[in-house]
Protein chains: 2
Amino acid sequence: MAAKTKNTERREDALSRERIIAAAIEILDARGENGLTVRALAAHFTTGLGAIYWHMSSKADIVAAATDAVLAGPAAAAPPDPGDAIRALALRVFDSIDDHPWAGAQLSRTASQPTTLKIFESIGLQVQALGVPAAAQFNTASALLSYILGVANQNAALAQSAEPGTNRTAVLEGVSAMWTDLDPTHFSFIRSIAPQLRDHDDRAQFLAGIDLLLAGIQASATS
Amino acid sequence: MAAKTKNTERREDALSRERIIAAAIEILDARGENGLTVRALAAHFTTGLGAIYWHMSSKADIVAAATDAVLAGPAAAAPPDPGDAIRALALRVFDSIDDHPWAGAQLSRTASQPTTLKIFESIGLQVQALGVPAAAQFNTASALLSYILGVANQNAALAQSAEPGTNRTAVLEGVSAMWTDLDPTHFSFIRSIAPQLRDHDDRAQFLAGIDLLLAGIQASATS
DNA sequence: CTAGCTATGGAACAGCGATCCATAGAAGGA
DNA sequence: TCCTTCTATGGATCGCTGTTCCATAGCTAG
């Protein structure tokens with residue numbers, strides 16, 4: 001009897017950690033966080049699960065590596081002014097999350113991810129450059145990081161609530177309409193700002209929050 | 001032939017949405033977010049899956065309802081000073097998440113959860129009371145909300161990274177040690193604050209961030 | 001007494017992450 | 001050259017998940 005020959009030949013296009021991460025980013029961008037499965041990844045390379053797990057230790061490992069890859073851009077030269085440096089730094093994170101919303105959810109998931117550490121370090125250095133007293137540096141840098149990660153996470157949630165690839169303005173229209181329909185007695189504030197939501201700029205709003213924190217840091221230093 | 005009698009009698013302790021949510025909170029607190037499964041919930045009431053799904057539409061529904069229940073406390077009388085009111089409001093959210101970390105992850109997950117809306121409304125009202133000009137109210141309230149949700153989410157991540165019920169200080173010890181072992185050339189700031197991490201107060205640090213934002217709001221108003 | 005609605009328990013299904021294993025090719029020593 | 005060892009690969013399998021479906025028991029109107 002002919003033993004069933006198993007096809008386990010070496011592939012010409014060898015798998016590698018890097019190629020798998022790149023494919024994972026592709027799938028995450030196209031189909032969202034739930035669209036990435038180890039099986040989808042295996043199908044993308046026309047292989048089995050074992051091949052994937054040979055290179056990656058777990059799905060969490062894959063998503064974490066993809067997040068690191070997406071956020072690890074070339075460290076642009078920091079502007080001389082510490083405030084501007086923080087703004088530039090924050091915007092770089094914001095723009096990365098805007099392009100890859102799934103990374104926003106991941107970023108705050110695991111506390112000590114190397115990427116988060118690097119961001120925290122960069123913020124801390126600029127906080128020191130701002131002249132914040134040593135005793136307040138930890139709190140100040142943490143506040144900036146928490147705000148940045150908070151916005152990143154909310155953007156991720158908003159992007160994932162809609163189908164991948166849905167028109168963003170359509171989503172905002174819907175939320176704005178929902179806000180307008182709220183009970184006026186209990187939601188007077190939200191109703192008052194509902195029109196602004198329709199055509200507001202996420203990026204500008206994010207920056208406004210950073211400016212608020214920077215203003216608070218300056219005010220605390222002089223008082 | 002005796003038909004296999006199915007035990008579908010009415011239970012004396014009738015199931016209800018409220019009882020299921022209460023049990024879900026119990027399980028979430030005890031076993032963490034992954035510990036809550038629909039089967040665990042069914043086992044808690046010694047029943048089947050159908051009974052649960054008769055009252056709840058999905059697991060997402062269950063977790064969302066549990067989050068709402070945990071965060072919907074009695075609305076304490078707001079202090080006369082808007083700044084103090086925001087501080088009290090923020091601390092109420094913080095303390096709730098501190099008691100139920102899984103709620104922190106959920107809170108920012110779905111954007112338009114009723115609880116989040118209520119928090120946003122309360123913040124907005126106090127922002128108006130602070131005298132922030134109408135054009136800046138949306139951005140200001142959003143910044144405060146993003147910061148609060150950001151901290152809530154990070155607390156949730158930190159709490160879930162450890163086993164449920166693990167000593168919190170032990171986790172901080174570990175992270176502090178990890179920070180100390182970082183490369184001094186690339187992580188000078190983080191190394192410098194590592195000792196402070198060991199015995200820092202999350203709650204106080206959270207409040208420091210709120211104060212920073214409030215100081216920024218004051219500074220922006222007077223300038 | 002009967003029809004319909006409410007509620008229950010559990011089987012079944014599709015899909016997931018992860019593990020395990022047989023095997024094919026490459027590499028290196030004798 | 002042969003043989004052993006290590007690196008990769010493809011896929012079967014396991015245990016678990018959320019969800020759907022269905023038979024059935026009790027309650028409530030008519």
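The model shown is predicted, which means the values in this text are computed figures rather than measured ones. Each chain gets a letter, A, B and so on, in the order its sequence line appears, and its residues count up from 1.
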Using atom CG of B:Leu36 as one end and atom P of D:dC16 as the other, report the distance to the nearest whole Å. 16 Å
Rounded to whole Å, how long is the line connecting atom CG of B:Asn34 with atom C1' of D:dG15? 15 Å
Whole-Å gap separating C1' (C:dA7) and CZ (B:Arg17): 16 Å
Give the rounded distance in Å between these two atoms: CZ of B:Arg31 and C1' of D:dT17. 15 Å
In terms of the angle between their ring planes, are A:Tyr147 and A:Phe206 parallel, tilted or perpendicular, with boundaries placed at 30° and 60°? parallel
Expressed as a whole number of angstroms, how long is the span from B:Met56:CE to D:dT20:C1'? 17 Å
Counting only side-chain nitrogens and oxygens, does B:His55 get under 4.0 Å of the OP1 or OP2 atom of C:dT6? no
Among D:dT9, D:dT13, D:dT20, find the nucleotide with the atom closest to the side chain of B:Leu49. D:dT20
Could you tell me whether A:Asp68 and A:Lys118 make a salt bridge, using a distance below 4.0 angstrom between a side-chain N and a carboxylate O? no
Distance check needed: D:dT9 C1' versus A:His44 NE2, whole Å only. 18 Å
Please determine whether a side-chain nitrogen or oxygen atom of A:Trp54 lies at a distance below 4.0 Å from atom OP1 or OP2 of D:dA8. yes
Out of C:dA18, C:dG10, D:dT17, whichever nucleotide has its closest atom nearest the side chain of B:Thr37: D:dT17
Tell me: OH of B:Tyr53 to P of D:dT17, nearest whole Å? 11 Å
Distance, rounded to the nearest Å, where B:Ile52 contributes CD1 and D:dT17 contributes P: 14 Å
Proximity to the side chain of A:Lys59 - top-ranked nucleotide from C:dT8, C:dA18, D:dT20: C:dA18
Report the nucleotide, chosen from C:dT8, C:dA12, D:dG11, that has the shortest atom-to-atom distance to any side-chain atom of B:Ala51. C:dT8
